[in-house]
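Below is one structure, written out as structure tokens; the observations come after it.
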Number of protein chains: 2
Amino acid sequence: MYTISEIAKLLGITAHTLRYYEKEQIIAPIRNANGERAYDDSNLTWLRFVMRLKQTQMPISQIREYAQLYLEGEHTAQARLNLLEDHRNSVQSQIKNLTATEKVLEDKIAAYKNLITEDKELKTR
Amino acid sequence: MYTISEIAKLLGITAHTLRYYEKEQIIAPIRNANGERAYDDSNLTWLRFVMRLKQTQMPISQIREYAQLYLEGEHTAQARLNLLEDHRNSVQSQIKNLTATEKVLEDKIAAYKNLITEDKELKTR
DNA sequence: AATTGACTTAGAGTAAACTCTAACCCGTAT
DNA sequence: ATACGGGTTAGAGTTTACTCTAAGTCAATT
């Protein structure tokens, strides 16, 4: 079992943010005798996946939807599969977009390096 | 020359957003005799690049910084190069992250498909 | 016994990026 | 002539995702 600040540290986020995710119904850790949140390993695994989804631009609302479907049981498996496939498609199109942009940036960077080198030569002559 | 709504249509954004970008000093089109914004081809090219930067998570503040440096003249070339290199690094790490997530999603998708297929078999037997 | 540090809650505040409204102007078609 | 379909401005409002504050509880240390 982990405290909220241990989980926060492991995920690189703040305890505030973890409480916010709970309010948004993305995670529901149990409470200890003191009324404090106690996260287990399955919570940690789920939150690590949540971080992946977030870092790849899935909105909180969709993450919540996926989490809710999971709680509703196995009959929501097809709906969860659909969400995952939609997000995979989004991830793939982001990769395409980023790869194209990387090329554009490399070209511009090369052009700037050229420009700067020429300037230096002119100045030193 | 293009009107604001023509540019909006070409970029897939609204005229409101284009005015917002102007307020944020990302673009400064000339005005026609009627006081209306008139965008030329160089404006369009720049805005297309801006869209790329935005879609790859560069914040408006940094896009503005790059635009401002351009206006300040050639002595800012090194600073602009630095910005471009920083963003290329960001793009590359986003690609890595997305590629790793794509694999995780493919695995989960395969697992869900398996689960759903097994369910169907059990139900029909 | 009092302080410290970590936790709790409800709810207010913030930053980013739009998004919209109100009131107005201007050229063209009816 | 007037209505329509654009454009203009300043500024208010919205959404998302946090981020922080205030007031309080609790266990352990000084």
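Treat the numbers as computed from the prediction; the structure is a model and nothing was measured. Computed over heavy atoms, backbone and side chain alike; hydrogens, waters and symmetry mates excluded. Order of the sequence lines fixes the chain letters, A, B, ..., with proteins taken first and strands second; residue numbering starts at 1 for each chain.
Backbone-only contact: A:R37 has heavy atoms under 4.0 Å from sugar-phosphate atoms and none from a base. Within the 4.0 angstrom heavy-atom criterion, only backbone atoms of the sugar-phosphate kind lie near A:S5; the bases stay farther away.
The residue among A:H16 and B:T3 whose nearest nucleotide of DNA chain D is located toward the 5' end is B:T3. Toward the 5' end of DNA chain C, the nearer of the two residues A:K23 and A:A38, judged by each one's closest nucleotide, is A:A38.
Following rounding to the nearest Å, B:E36 (CD) and C:dC24 (C1') show an atom-to-atom distance of 13 Å. Look at CD on B:E24: it is 10 Å from P on C:dA16, rounded to the nearest Å. Rounded to whole Å, atom P of C:dA6 lies 16 Å from atom OH of A:Y39. Going from atom OH of A:Y20 over to atom P of C:dT14 covers 18 Å, rounded to whole Å. Taking atom CZ of A:R31 as the reference point, atom C1' of C:dC7 lies 10 Å away to the nearest angstrom. A straight line from CD of B:Q62 to C1' of C:dA17 spans 15 Å, rounded to a whole angstrom.
When only modelled atom types and interatomic distance are considered, B:T17 and B:T14 share a side-chain donor-acceptor pair under 3.5 Å.
Chain A approaches DNA chain D over the interval D:dA17 to D:dA27, counting the first and last nucleotide 5' to 3' with an atom under 4.0 Å from its heavy atoms.
Note that CG of A:L81 is 6.5 Å distant from CG of A:L84, once rounded to the nearest 0.5 Å.
Tested against B:T76 for a side chain to side chain donor-acceptor pair (under 3.5 Å), the candidates B:Q78, B:R80, B:E72 yield a single pass: B:R80.
Dashed line: the shortest gap from a side-chain N or O of B:S61 to OP1 or OP2 of C:dA16 is not under 4.0 Å. For the OP1/OP2 pair of C:dG27 and a distance below 4.0 Å, the side-chain nitrogens and oxygens of B:N34 include at least one atom meeting the criterion.
At distances below 3.5 Å, not a single donor-acceptor pair connects side-chain atoms of A:Q62 with backbone N or O atoms of A:P59.
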Give the table of side-chain donor-acceptor pairs shorter than 3.5 Å for residues 63-70 of chain A, with sequence neighbours excluded, one pair per line with atom names and distance.
{"residue": "A:R64", "atom": "NH1", "partner": "A:E24", "partner atom": "O", "Å": "3.4"}
{"residue": "A:R64", "atom": "NH1", "partner": "A:E24", "partner atom": "OE1", "Å": "2.5"}
{"residue": "A:Y66", "atom": "OH", "partner": "B:Y112", "partner atom": "OH", "Å": "3.4"}

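Contact check on B:E22 versus B:R31 returns a salt bridge, with a Lys/Arg side-chain nitrogen under 4.0 Å from an Asp/Glu carboxylate oxygen.
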